[in-house]
Amino acid sequence: MYITVIGCGYVGLVTASGLADTGHCVTAVDHDAEKIDLLRNREIPIHEPGLKELVEKNLASQRLIFTDKLKEAVGRSQIIFIAVGTPSMPDGKADISQVESAVREIAVNMNGYKVIVNKSTVPVGTGRRVREIIGEEKRVKFDVVSNPEFLREGSAVKDFFHPDRIIIGTESGKAVNVMKEVYNLFLKKKTPFLWTDLETAELIKYTANAFLAMKISFINEIANLCEAVGADVKAVAEGIGLDHRIGSYFLLPGPGYGGSCFPKDTRALIEIARNKGERLSLVETVVESNERQKRRMVEKIKRALGDPRGKILGVLGITFKANTDDLRESPAIPIITELLLCGAEIRLHDPVAMKKAEMIFSASVHYCSDEYEAITGADALVVMTEWNSYLRLDFDRVKKIMRNPIIIDLRNIYDPSTLKKHGFTYVGVGRF
Ligand code: UDX
């Protein structure tokens, strides 16, 4: 099938190259001509494992092309995916202006029946709004589908090919048939499909993200309680996770969730409810709890270190999680900012995000070329992100080069007893 994907961010790029790999002819469109040039030259603007290979393979087979010209792409495609950003506005509502302008552009360039598929996370009711906008512009037949995306950064390619489920929201039988053709390979592989109306599909995405954020905040608060009562959160999480009704995933405590989705989508869901006169008090508490968790990490570091003024902190990792170069809403940013304000000296290392970090902290932080350089002379080592490379440190060497042997492990990646045996003071989250 001929498919257009509008937006070459995380979701758009993975969707476009993934759909091309399943046999479709995909045109990926972005307004950013510079980004399109990069992509045509096989340069991927984001760090995402496996994506470069996937893009290269499908460019070579000519099933994937990149362009900044929407008109031609829409003209030759029956299906148009919208995968543009829906960032938070200052009041927490999702800004759907990029979706609306993409839809207007599609509308003026439509030359026959099209299925407009929304992959962007949009407030409930946006699908109907899309229908109105196109209806105002054009007298041609079309259908609107909500097909929310559940990709995780860092494992987006794997998630594309092995989704837990595919959600399709539409009331049109004709659109259902088109979507079955788009996802033919996944139907054959017996991937679970859920066919719903537009509003339900839109709400499923927000509900999933809010629930996962709640799970994280819940275990973060239990971790804090573990510290107060002398329990081990790792064992508590294991103990509850063995109950199938709870499940063992998303029970890793840490410095608070970040990224491009959970913070934005929890805030947007609260606003969606508020608009309808409903209150999602649990989700409101999750958002507050996550903010508190970041502040609590600063207090934890100060307790271990004493007055941070003049102290050197070797900080490992700045991305919101491992295997991505994304710094959006990374908890490391407010934590480092606060420590700098308290007078600490920060020596930072991250395997992939140093350039992005420099754009945030400029000269107020020392940027180090490896872990050991960051730790040299440090009064404490702070793990902000659970990169695999930090697991394999040579702790005898670390001990020798640090000024004080304190390890503050905000991701619980180390075994406390091993580090204690090496002579370190270990501070984790919810464990000793
Ligand atoms: C999330 C959803 O998982 C995905 O389905 C959706 O499409 C986009 O949002 P992503 O933001 O890429 O994906 O990352 P995810 O792996 O879900 O982690 C989000 C945040 O939660 C990270 O900051 C991570 O460190 C944190 N987290 C996750 C925890 O603190 N503990 C956990 O147990 C899991």
Side-chain angles (χ1 to χ4, degrees), residues 9-15 18 46-49 51 83 85-88 94 118-122 147-160 162-167 201-202 204-224 233-234 236-238 240-241 246-269 286-287 289-291 293-294 296-297 317-335 353 383-387 409-413 428-430:
Y10 273 99
V11 171
L13 207 46
V14 175
T15 304
I46 51 176
H47 176 88
E48 187 59 46
L51 186 56
T86 52
S88 271
N118 202 357
K119 273 234 163 264
S120 303
T121 304
V122 288
N147 173 212
E149 187 48 72
F150 299 98
L151 301 176
R152 289 162 300 174
E153 290 181 21
S155 57
V157 171
K158 185 172 145 267
D159 289 348
F160 178 87
H162 306 281
D164 285 349
R165 77 300 206 188
I166 291 177
I167 309 285
E202 287 169 345
I204 286 171
K205 169 72 191 200
Y206 280 109
T207 309
N209 277 356
F211 190 83
L212 291 169
M214 183 171 72
K215 234 179 151 181
I216 298 166
S217 289
F218 182 79
I219 202 66
N220 281 342
E221 292 201 356
I222 295 295
N224 300 340
V233 72
K234 198 162 175 265
V236 172
E238 203 179 332
I240 63 167
I246 296 174
S248 57
Y249 295 104
F250 271 67
L251 289 177
L252 297 171
Y257 59 76
S260 62
C261 291
F262 288 173
K264 162 175 87 69
D265 294 348
T266 42
R267 290 192 294 257
L269 185 58
V286 167
V287 172
S289 172
N290 198 53
E291 289 308 311
Q293 188 69 4
K294 294 180 227 173
R296 198 182 161 101
M297 296 302 110
I318 187 167
T319 55
F320 79 97
K321 65 172 191 178
N323 300 322
T324 176
D325 60 350
D326 201 340
L327 298 187
R328 282 176 288 179
E329 307 240 14
S330 173
I333 295 169
I335 296 172
V383 177
M384 291 280 188
T385 312
E386 70 283 19
W387 286 101
D409 178 7
L410 301 186
R411 297 285 182 166
N412 286 353
I413 63 172
V429 181

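This one's a predicted model, so the numbers in the text were calculated from it and none came from an experiment. These values consider heavy atoms only, across backbone and side chains, with no hydrogens, waters or symmetry-generated copies. Counting starts at 1 for both ligands and their atoms, in listed order.
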Glu153 pairs by salt bridge (charged side-chain N to carboxylate O under 4.0 Å, His left out) with which of Arg328, Lys158, Lys321? Arg328

I need the minimum non-hydrogen distance between Lys119 and Pro148, along with the two atoms involved. NZ-O, 3.9 Å

Test Lys294 against Glu291 for salt bridge (charged side-chain N to carboxylate O under 4.0 Å, His left out), laying out the working first. CA-CA 5 Å; Lys294 294 180 227 173; Glu291 289 308 311; 3.1 Å; yes

Between the side chains of Gln293 and Asn224, is a donor N or O closer than 3.5 angstrom to an acceptor N or O? yes

Could you tell me, for ligand 1, which of its N or O atoms are under 3.5 Å from any protein N or O, listing the pairs and their distances rounded to 0.1 Å?
from: ligand 1; atom 1: 5 (O); to: Phe150; atom 2: O; distance (Å): 2.8
from: ligand 1; atom 1: 7 (O); to: Glu149; atom 2: O; distance (Å): 3.4
from: ligand 1; atom 1: 7 (O); to: Phe150; atom 2: O; distance (Å): 3.4
from: ligand 1; atom 1: 7 (O); to: Leu151; atom 2: N; distance (Å): 3.4
from: ligand 1; atom 1: 7 (O); to: Leu151; atom 2: O; distance (Å): 2.7
from: ligand 1; atom 1: 7 (O); to: Lys205; atom 2: NZ; distance (Å): 3.0
from: ligand 1; atom 1: 12 (O); to: Glu153; atom 2: N; distance (Å): 2.6
from: ligand 1; atom 1: 12 (O); to: Lys321; atom 2: NZ; distance (Å): 3.2
from: ligand 1; atom 1: 14 (O); to: Lys321; atom 2: NZ; distance (Å): 3.0
from: ligand 1; atom 1: 16 (O); to: Lys321; atom 2: NZ; distance (Å): 2.9
from: ligand 1; atom 1: 23 (O); to: Gly258; atom 2: N; distance (Å): 2.9
from: ligand 1; atom 1: 23 (O); to: Phe320; atom 2: O; distance (Å): 3.0
from: ligand 1; atom 1: 25 (O); to: Phe320; atom 2: O; distance (Å): 3.3
from: ligand 1; atom 1: 25 (O); to: Arg411; atom 2: NH1; distance (Å): 2.8
from: ligand 1; atom 1: 31 (N); to: Leu252; atom 2: O; distance (Å): 2.8
from: ligand 1; atom 1: 33 (O); to: Leu251; atom 2: N; distance (Å): 3.4
from: ligand 1; atom 1: 33 (O); to: Leu252; atom 2: N; distance (Å): 2.9

Atom NZ of residue position Lys234 - does it have more than 12 heavy atoms of other residues, nucleotides or ligands inside 6.0 Å? no

Approximate separation, where rounding is to 0.5 Å, of Trp387 CH2 and Ile318 CD1: 12.0 Å

